[in-house]
Protein chains: 2
Amino acid sequence: MEMRKRILDAALHLFRERGYDGVSIRNIAEAIEYSPATIYLYYKDKSEIFFALQFEAAAVKRDHLLPVAGIESPWERLIEFGRRYIDFGMKHPDLYDLLFITRTPMESIENQECWKLGVASHSFFVETVQACVDARFFKSTDTETIAYTLWCHAHGLVSLFIRERMRMYPEEKREALAKKSFEMIVKMAECL
Amino acid sequence: MEMRKRILDAALHLFRERGYDGVSIRNIAEAIEYSPATIYLYYKDKSEIFFALQFEAAAVKRDHLLPVAGIESPWERLIEFGRRYIDFGMKHPDLYDLLFITRTPMESIENQECWKLGVASHSFFVETVQACVDARFFKSTDTETIAYTLWCHAHGLVSLFIRERMRMYPEEKREALAKKSFEMIVKMAECL
DNA sequence: CTATTTCACTAAACAGTGTTCAGTATATTT
DNA sequence: AAATATACTGAACACTGTTTAGTGAAATAG
């Protein structure tokens with residue numbers, strides 16, 4: 001299990017610098033000073049390395065969101081969840097990419113371990129929205145649509161940012177705009 | 001100019017089926033029954049084919065949004081813009097992907113023709129929001145943040161859909177959920 | 001009508017990719 | 001000492017984007 005870890009460490013490091021497509025099995029092999037063929041003794045193919053990293057990304061995200069669970073007020077919990085979700089995306093663009101943007105063999109992902117972590121996180125999010133609904137925080141009682149709408153905003157915000165679709169805004173203003181937008185959606189949710 | 005068109009037609013057709021990375025210059029050459037080297041007489045490299053297609057995508061999007069310009073009421077115009085933006089993304093996932101998700105050599109995109117179309121569309125969107133602000137439609141007067149927030153939601157909605165991040169919702173419910181979310185963000189904007 | 005230049009195109013190569021497989025050298029077990 | 005298992009690799013296969021030297025046909029010039 002020592003070798004698997006060394007491969008993942010090298011792969012994550014390289015992916016961070018050059019992106020998934022920018023890194024070859026040969027690059028990873030070179031980084032750990034083994035032959036390319038050795039990689040295949042530990043991972044079936046490149047996509048399996050990807051899934052293993054996606055699992056790690058999901059774990060990092062889980063840890064990033066963990067403190068949220070301790071907040072008692074559903075509304076405060078929801079806000080902090082959103083804030084930290086976005087913060088995770090901004091701080092770990094490659095991990096966020098891996099989890100929510102990159103094209104992957106999605107047909108098989110339900111069987112992967114990383115899927116469980118994702119589902120758990122999403123369930124926690126929906127439950128928090130449900131708690132807000134139960135506390136009569138919103139006029140609307142459509143938990144599913146509320147949760148999905150808030151997720152759309154957060155995901156849109158992060159993915160426009162990390163896939164560089166904010167070129168029409170000067171670079172130094174982008175993060176501030178994202179922050180203001182988060183505050184705005186919170187205000188909008190208040191009268192939802 | 002006949003050959004350039006044939007290359008683009010073949011490329012777009014193939015990209016639609018197998019995605020950008022799934023198609024090689026050799027595949028395109030094969031499709032139009034020429035040698036791979038011939039492609040390079042008409043396009044500098046693969047990325048230039050990409051930019052040409054991105055331009056076409058931007059044109060399709062522009063045409064899709066064109067009817068919106070005729071709507072007098074700023075608020076109605078804004079709603080219809082959103083509706084049609086999302087509709088474009090759902091109907092042409094590969095074009096939307098090309099425009100707003102795919103990683104591209106973004107450093108040079110400002111010099112490309114497609115950038116102008118994108119900027120024009122975004123300006124029109126912001127101007128519509130500004131018209132709503134001028135008409136005292138919102139309490140907030142922060143046009144930039146309002147526009148960006150609405151865009152985040154729409155982009156998040158489309159990109160979660162077309163990059164298959166809605167697996168936790170049964171397939172037949174996804175589109176309905178998207179529709180309900182759009183209605184919800186409209187309601188949310190009303191009390192913005 | 002021949003000679004030259006231009007044009008549209010390609011075969012073949014270079015350096016890279018993911019992946020496989022036969023084979024080697026070392027360590028462990030019998 | 002012989003047999004087996006372990007850990008690894010060199011070399012190949014079929015692919016990729018891209019470049020270069022060169023072909024054969026058409027257009028132009030003398």
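These numbers come from a predicted model, not from an experiment. Labels below follow one simple rule: chain letters A, B, ... track the order of the sequence lines, proteins then strands, and each chain is numbered from 1.
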Whole Å only: how far is the [atom1] atom of [X] from the [atom2] atom of [N]?
X: B/Ile32; N: C/dT10; atom1: CD1; atom2: C1'; result: 13 Å
X: B/Asp21; N: D/dC15; atom1: CG; atom2: P; result: 18 Å
X: B/Phe50; N: D/dG17; atom1: CZ; atom2: C1'; result: 17 Å
X: B/Tyr34; N: D/dT23; atom1: OH; atom2: P; result: 21 Å
X: A/Leu41; N: D/dG10; atom1: CG; atom2: C1'; result: 14 Å
X: B/Ile39; N: C/dA8; atom1: CD1; atom2: C1'; result: 13 Å

Inset, instruction - Report, as a single string ordered 5' to 3', how protein heavy atoms within less than 4.0 Å touch nucleotides 18-23 of chain C: B base, S sugar-phosphate only, - not at all. - result: BBBB--

Inset, instruction - Could you tell me whether B/Tyr42 contacts a base, only the sugar-phosphate backbone, or nothing, with contacts defined as non-hydrogen atoms closer than 4.0 Å? - result: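 If one applies the 4.0 Å heavy-atom cut-off, B/Tyr42 turns out to touch the sugar-phosphate alone, with no base involved.
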
Inset, instruction - In plain terms, say whether B/Lys179 and B/Glu175 are close enough for a salt bridge, that is, a side-chain N and a carboxylate O under 4.0 Å apart. - result: no

Inset, instruction - Answer yes when A/Glu80 and A/Arg83 have at least one side-chain N-carboxylate O distance shorter than 4.0 Å, and no when they do not. - result: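 Here A/Glu80 pairs with A/Arg83 in a salt bridge, since their nearest N and O are under 4.0 Å apart.
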
Legend entry - B/Tyr96 ring center within less than 6.0 Å of B/Phe161 ring center: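 Between B/Phe161 and B/Tyr96, the centre distance exceeds or equals 6.0 Å.
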
Legend entry - Under 4.0 angstrom between A/Thr38 side-chain N/O and D/dT9 OP1 or OP2: yes

Legend entry - B/Arg165 side chain to B/Arg163 backbone, donor-acceptor under 3.5 Å: yes

Inset, instruction - Kindly say whether B/Gly70 contributes a backbone atom to a donor-acceptor pair with the side chain of B/Arg77 at under 3.5 angstrom? - result: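 No: the side chain of B/Arg77 does not pair with the backbone of B/Gly70.
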
Legend entry - Partners passing side chain to side chain donor-acceptor pair (under 3.5 Å) against A/Ser181 (at least two apart in sequence or in another chain): A/His153, B/Thr149

